[in-house]
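What follows is a single structure, written as structure tokens, with notes after it.
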Amino acid sequence: MPYHVASENAPAAGRSYYLTTPIYFVNGRPHLGTAYTTVAADALARAMRLDGRDAWLLTGLDEHGQKVAQTASAQGISPQQWVDSVAPLFIDAWRDLNVSYDDFIRTTEERHVRGVQHFFNTLYECGAIYKSVYQGYYCVPDETFFTDEQLAEFALAAEEAGGAAKNESGEWLCPDCGRPLSFVEEENLFFRLSDYAEPLLAHYRGHPEFICPEIRKNEVVSFVQGGLRDLSISRTSFDWGVPIPFAPGHISYVWVDALINYLSAIGYGSDDPADQALFTRRWPAQIHFVGKDIIRFHCVIWPAMLMAAGLPLPEKVFAHGFLLTKGEKMGKSRGNVMQPLELARHFTQDGYRYYFLADIQFGADGSISLKRMLQVYNADLANSWGNLCSRVLNMTNKYLGGEIPELWPKTYAALSRKLGNPLGELAEALYDKYIAAFEAIDYAGALAAVLELVDRANLYIEETAPWTIAKEAQKETEAALAAGISLDDAKAPTINDQLCFVLYNLLEAIRVIALYYAPVMPASSCEIWRRLGLGDPLALSNLKAASTWGGLEAGGRIEVGDALFPRKTEADVGIG
RNA sequence: CGCGGGGUAGAGCAGUCUGGUAGCUCGUCGGGCUCAUAACCCGGAGGUCAGGGGUUCAAAUCCCCUCCCCGCAACCA
């Protein structure tokens with residue numbers, strides 16, 4: 001079920017902010033890697049929406065290719081039946097991880113087929129595609145061709161490494177995956193990729209932010225500098241793919257098919273003026289999220305295809321690193337394989353999302369482990385953030401009868417001068433830091449900035465010791481009562497005012513913190529806001545205004561509730 | 001010359017581009033507090049920044065060499 005942006009909230013004329021994940025190949029279920037990309041994209045999309053951008057998040061499935069056809073036939077069902085049976089696994093997984101995608105595209109959908117065909121026609125008409133006979137080796141599982149030259153290089157390398165480029169039966173092995181290659185001879189359509197090396201290099205130079213992080217850009221640049229070969233973009237040996245209109249018997253190479261999803265999902269190739277308007281509004285994409293293994297497709301082939309078709313290029317391709325599980329002995333036999341949904345059950349949706357975004361530098365490889373995940377969960381979420389909420393809500397309940405305190409602006413200003421307001425100051429400075437971090441796709445940085453405010457608030461409680469103020473305030477109240485005077489008539493702030501001041505600041509701090517945490521931890525943030533008597537923070541589209549200090553209205557009642565992130569032990573999460 | 005990542009306190013990392021008292025989180029030890037999820041706050045211990053050489057007034061950071069580890073085999077991102 002797609003998540004719908006409240007378009008009334010979004011600035012009507014503002015630029016769309018279009019983000020994509022790769023479309024995932026259906027030969028398997030969602031795993032840690034796909035979940036990582038998808039959750040990261042979701043967090044950015046939510047942050048952008050919260051900041052008033054018209055964000056549009058696309059994910060989906062890559063359902064074509066020979067491997068799919070083979071898997072289906074092994075199961076004795078049609079390819080369509082097979083992909084239909086797999087698609088719900090992804091849809092359910094993204095729902096369970098609280099991914100707010102706006103659209104979910106499947107390459108077997110008619111809108112996509114239409115888009116791919118339109119794209120092929122466009123390239124054909126402008127002469128970017130030609131026909132030629134291919135004779136040589138082909139890796140069926142990878143759907144990749146290899147030239148004699150490539151195989152010769154591979155043989156040389158294999159020999160030096162003490163391995164072999166051929167198996168016992170004398171068949172060539174795939175340089176990429178090591179499985180045997182097939183010899184094929186077929187007529188293929190080729191895309192003139194070789195024409196684009198210079199234009200691509202010029203683009204990289206002119207748009208230093210196009211490929212991130214930098215290390216990946218360097219890789220791509222040196223690859224392209226080595227020269228590009230024309231790319232075979234059609235297949236004739238099987239038919240599970242998009243038929244190419246002007247070449248009967250030919251279907252699209254899966255990668256070309258797959259890349260076009262970024263266009264077909266937003267109306268490309270449609271005759272409907274509404275679709276065309278949508279396309280104009282959304283394209284070019286602001287960011288394609290990809291794993292570092294597929295940067296060549298996204299940073300070389302894809303932009304070259306777009307150049308050929310006369311379309312603008314996406315603003316950024318961000319390649320994140322891999323999650324490494326070294327050190328942690330895992331395996332199906334041990335029964336402790338890290339499965340996204342299982343981890344989310346242990347640590348809650350929010351705990352899961354937080355861990356991967358806060359503890360790993362997005363863009364670099366990260367080592368992950370259950371043990372570390374438990375540490376981060378307990379330290380940041382249970383002890384720091386969750387416990388802060390408990391402390392503040394409990395004290396408000398205990399000392400103020402659960403009511404958000406009212407202070408005259410005059411009193412508040414006087415107390416700020418007298419006692420200082422470190423939380424307000426830090427909170428006001430948070431917006432710029434937070435947005436800058438998100439713009440740099442630095443989740444760890446953004447979350448660390450929020451955690452600073454959490455830590456400062458916990459310290460603030462120690463500094464102000466509300467329990468001590470409460471006792472004095474109690475005495476003050478009793479004394480006033482005995483003397484028959486009202487504290488309301490006091491000229492200077494009373495001790496009771498001081499107590500209200502401190503607790504108001506703390507309540508306001510948790511309101512603001514929850515707001516900033518919302519893109520990464522939607523469920524718990526929403527719950528905190530509910531306990532403060534507020535609505536869903538994610539329905540807002542004005543982060544700056546919403547986070548302005550003093551936004552919490554007095555008079556409302558709070559609800560204490562249970563621990564937001566209960567502490568967990570190793571036994572709870574199955575370590576041991 | 002296969003490609004790529006990396007070696008900084010017990011663990012995980014930042015700092016390296018733009019040289020200048022070695023920093024963060026967790027753990028650990030001691031103390032404080034009591035509002036709270038045995039949580040929170042303060043303080044301490046713990047590192048010759050893999051090794052060697054060079055440049056420099058000064059190197060974790062720049063240059064050269066050596067050693068070691070990891071991914072490229074999986075549900076692959």
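The figures that follow rest on heavy atoms only: side chains count, while hydrogens, waters and symmetry mates do not. Order of the sequence lines fixes the chain letters, A, B, ..., with proteins taken first and strands second; residue numbering starts at 1 for each chain. Just so you know, these numbers come straight off a predicted model, no measurement behind them.
Residues H320(A) and Y36(A) place their aromatic rings such that the two centres sit under 6.0 Å apart.
Atom C1' of nucleotide A36(B) and atom CD of E462(A) are separated by 10 Å, given to the nearest angstrom. Spacing between atom CD of E527(A) and atom P of U37(B) amounts to 16 Å, rounded to whole angstrom units. In this structure, L381(A) places its CG atom 17 Å from P of U37(B), rounding to the nearest Å. Atom P of nucleotide C3(B) and atom CZ of R296(A) are separated by 12 Å, given to the nearest angstrom. Spacing between atom CG of L374(A) and atom C1' of G27(B) amounts to 13 Å, rounded to whole angstrom units. Across the protein-nucleic acid pair, I294(A) atom CD1 and C76(B) atom C1' stand 11 Å apart, rounded to whole Å. As a whole-Å value, the separation of K217(A) NZ from G4(B) P is 17 Å. Rounded to whole Å, atom P of G6(B) lies 15 Å from atom CD1 of I360(A).
Annotation: cation-pi geometry satisfied between R296(A) and F223(A) (NZ/CZ under 6.0 angstrom from ring centroid, within 45° of ring axis).
Comparing U37(B), C75(B), C41(B) against the side chain of R29(A) picks out C75(B) as the nearest. Comparing C76(B), U37(B), C35(B) against the side chain of H31(A) picks out C76(B) as the nearest. Checked against A77(B), U37(B), C35(B), the side chain of A563(A) finds its nearest nucleotide in U37(B).
N387(A) and S390(A) form no side-chain donor-acceptor contact under 3.5 Å, judged by distance and modelled atom types alone. A donor-acceptor contact closer than 3.5 angstrom links the side chains of N496(A) and E476(A). Judged by distance alone, the side chains of Y101(A) and D42(A) never bring a donor and an acceptor atom under 3.5 Å apart. Residues R353(A) and N98(A) bring no donor and acceptor atom of their side chains to less than 3.5 Å of each other. In this model, a donor atom of one side chain and an acceptor atom of the other lie less than 3.5 Å apart for T108(A) and E63(A).
Contacts of Y517(A) classified as side chain to side chain donor-acceptor pair (under 3.5 Å), with partners at least two apart in sequence or in another chain: none. Considering only residues two or more places apart in sequence or on other chains, D257(A) meets the side chain to side chain donor-acceptor pair (under 3.5 Å) condition with H64(A), H112(A). In this structure E209(A) satisfies the side-chain contact (heavy atoms from CB on, under 4.5 Å) test together with C212(A), K316(A), sequence neighbours excluded.
Residue contacts for F289(A): at a heavy-atom cut-off of 4.0 Å it reaches no nucleic acid atom on any strand shown. P566(A) comes within contact range of at least one nucleobase, with a heavy-atom separation under 4.0 Å. Counting non-hydrogen atoms under 4.0 angstrom, G291(A) reaches the backbone sugars and phosphates but no base.
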Polar-atom pairs under 3.5 Å, protein N or O versus N or O of nucleotides 23-26 of chain B: list them with distances, or write none.
residue	atom	partner	partner atom	Å
C26(B)	O2'	Q375(A)	OE1	3.4
C26(B)	O2'	Q375(A)	NE2	2.9

If you restrict it to nitrogen or oxygen atoms, what contacts under 3.5 Å exist between nucleotides 14-18 of chain B and the protein, and what is each distance?
none

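Put simply, the side chain of Y18(A) gets close to the backbone of Y262(A): a donor and an acceptor are under 3.5 Å apart.
Within 3.5 Å, no donor on the side chain of N383(A) pairs with an acceptor on the base of A39(B), nor the reverse.
Taking side-chain N and O atoms only, R567(A) has a distance below 4.0 Å to OP1 or OP2 of A39(B).
Between U48(B) and G31(B), the distance separating the two P atoms is 29 Å to the nearest Å. Rounded to whole Å, the P atom of U21(B) lies 14 Å from the corresponding atom of U61(B). Comparing C3(B) with C40(B), their C1' atoms are spaced 49 Å from each other, to the whole Å.
Stretches of at least 3 consecutive Watson-Crick or G-U wobble pairs, with each checked distance under 3.5 Å, appear in RNA chain B as B:2-7 with B:67-72, B:10-13 with B:23-26, B:28-32 with B:40-44, B:50-54 with B:62-66.
Residue R29(A) qualifies as open at atom CZ: its count of foreign heavy atoms under 6.0 Å is 12 or below.
Under the ring-ring contact (aromatic ring centres under 6.0 Å, His included) rule, F347(A) has a single partner from Y352(A), Y377(A), Y354(A), which is Y377(A).
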